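Everything on this sheet refers to the single structure shown next.
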Amino acid sequence: MLADRSSVDVASATVAPLKPSVSIVIPAFNEESVMRQCLIAAIYQSVPADEIIVVDNMSTDHTAQIVQQMQLEYPESPIILLKQDLAQGLIPTRNFGLNSATSEVLGRIDADSVLEPDWVEQVQKAFSDPSVQAATGPVVYYDMPMRRFGLKADDKMRQLMLRLAKHQYHFLFGSNMALRRSAWETIRDEACLDEKDEMHEDIDLSLHLADHDLRVQYWPQMVSGMSARRLEDSPRDYRYYVTRFDRTYKAHNVKKMALKAPMVVFFSVYFPAKLLRAFHTANSSQGARRGGQ
């Protein structure tokens with residue numbers, strides 16, 4: 001009986017699917033204020049990433065030095081510092097990092113992202129389905145009040161986008177996304193370089209994936225924190241940021257009016273969210289001062 005049980009155990013282990021390896025790619029330009037917290041969150045994962053790649057894009061501050069210091073502090077962690085100095089911009093820096101990563105699944109976050117402790121684990125679960133070629137999840141704004149409410153609101157908005165698009169388009173979110181290496185290799189030569197910096201690069205990737213019928217999965221448990229620092233933009237700059245949706249759709253000849261819904265939402269929340277963030281920042285500063293007295 002023992003021999004039979006061992007045979008069953010061996011057989012079960014043989015058919016158990018292997019969890020994919022995961023790289024985390026972080027493009028960075030002058031991100032010294034957030035780089036350390038981003039890396040700390042990427043290091044302290046329930047399942048460690050196989051690579052944590054920071055791609056420094058000609059930073060003029062201490063971004064690179066902070067990464068080097070983290071390499072010394074956490075020698076057991078696979079922190080890799082790469083330099084991309086051929087072109088200024090997020091897209092060439094992102095592409096350089098994704099091309100350099102060696103894992104089966106390529107995660108992509110921003111330097112102000114703060115991953116939840118089970119992010120890598122959830123990415124592996126999302127990609128346990130071989131039909132999933134890319135995945136994305138909601139974000140929680142860690143420098144805003146009512147964070148958990150904000151997370152639920154973000155999740156609801158992304159679910160609404162799926163319904164409005166009638167599940168034809170599933171949009172990635174640059175601060176919280178991952179894609180199979182094979183999917184990236186399929187679209188990387190087609191992805192728009194956007195030299196004029198007019199588009200949303202994550203929406204662009206999503207539309208290229210859709211062109212090849214490569215499935216994007218929304219995974220609500222795949223959560224990342226991010227800063228609401230976009231609210232510090234002037235109304236004019238913020239408007240330009242929001243209308244990137246429209247310019248990206250036009251570049252791909254996508255004419256679904258329902259896909260303009262995020263623009264309406266972003267425009268409507270700008271002033272109240274900006275005011276809320278200002279109050280939150282002021283209260284946090286007062287609390288810090290009182291704590292230091």
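Atoms considered below: every heavy atom in the structure, side chains included; atoms not considered: hydrogens, waters and symmetry mates. Please read all numbers here as calculations on a predicted model, not as lab measurements.
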Atom of [X], atom of [Y] and distance for their closest heavy-atom approach:
X	Y	result
V105	P20	CG2-CB, 3.8 Å
I24	A42	CD1-CB, 4.2 Å
A178	M222	N-CE, 4.0 Å
A183	Q133	CB-O, 3.7 Å

Can you tell me if [X] and [Y] form a side-chain donor-acceptor pair at under 3.5 Å?
X	Y	result
D112	Y142	no
N95	R188	no
Q84	T93	yes
R247	T243	yes
Q88	N57	yes

Aromatic centroids of F171 and H200 separated by under 6.0 Å: no

Step-by-step salt bridge (charged side-chain N to carboxylate O under 4.0 Å, His left out) determination, D233 to R239: CA-CA 9 Å; D233 288 354; R239 183 181 186 280; over 6 Å; no

Members sharing V223's hydrophobic cluster, built from side-chain contacts under 4.5 Å between Ile, Leu, Val, Met, Phe, Trp and Tyr, are V140, L151

Hydrophobic cluster (4.5 angstrom, side-chain heavy atoms) - remaining members for V264: none

With sequence neighbours excluded, residues passing salt bridge (Lys or Arg N to Asp or Glu O under 4.0 Å) with [X]:
X	answer
E31	R229
D246	K250, K260
D50	none
D204	none

For the backbone of V22 and the side chain of E104, can you confirm whether one donor and one acceptor N or O come within less than 3.5 Å of each other? no

Tell me, with the steps shown, if D197 and R244 meet salt bridge (charged side-chain N to carboxylate O under 4.0 Å, His left out). CA-CA 9 Å; D197 193 25; R244 285 174 181 267; 3.1 Å; yes

Taking the side chain as C-beta and beyond, is there a heavy-atom pair between V47 and Q124 under 4.5 Å? yes

Y74 side chain near L39 side chain, heavy-atom distance below 4.5 Å: no

Taking the six-membered ring of Y241, is NZ or CZ of R230 closer than 6.0 Å to its centre and within 45° of its axis? yes

Under a 4.0 Å threshold between the charged nitrogen and the carboxylate oxygen, would R108 count as salt-bridged to D202? no

What distance do M177 atom CE and S206 atom OG have between them, rounded to the nearest 0.5 Å? 7.0 Å

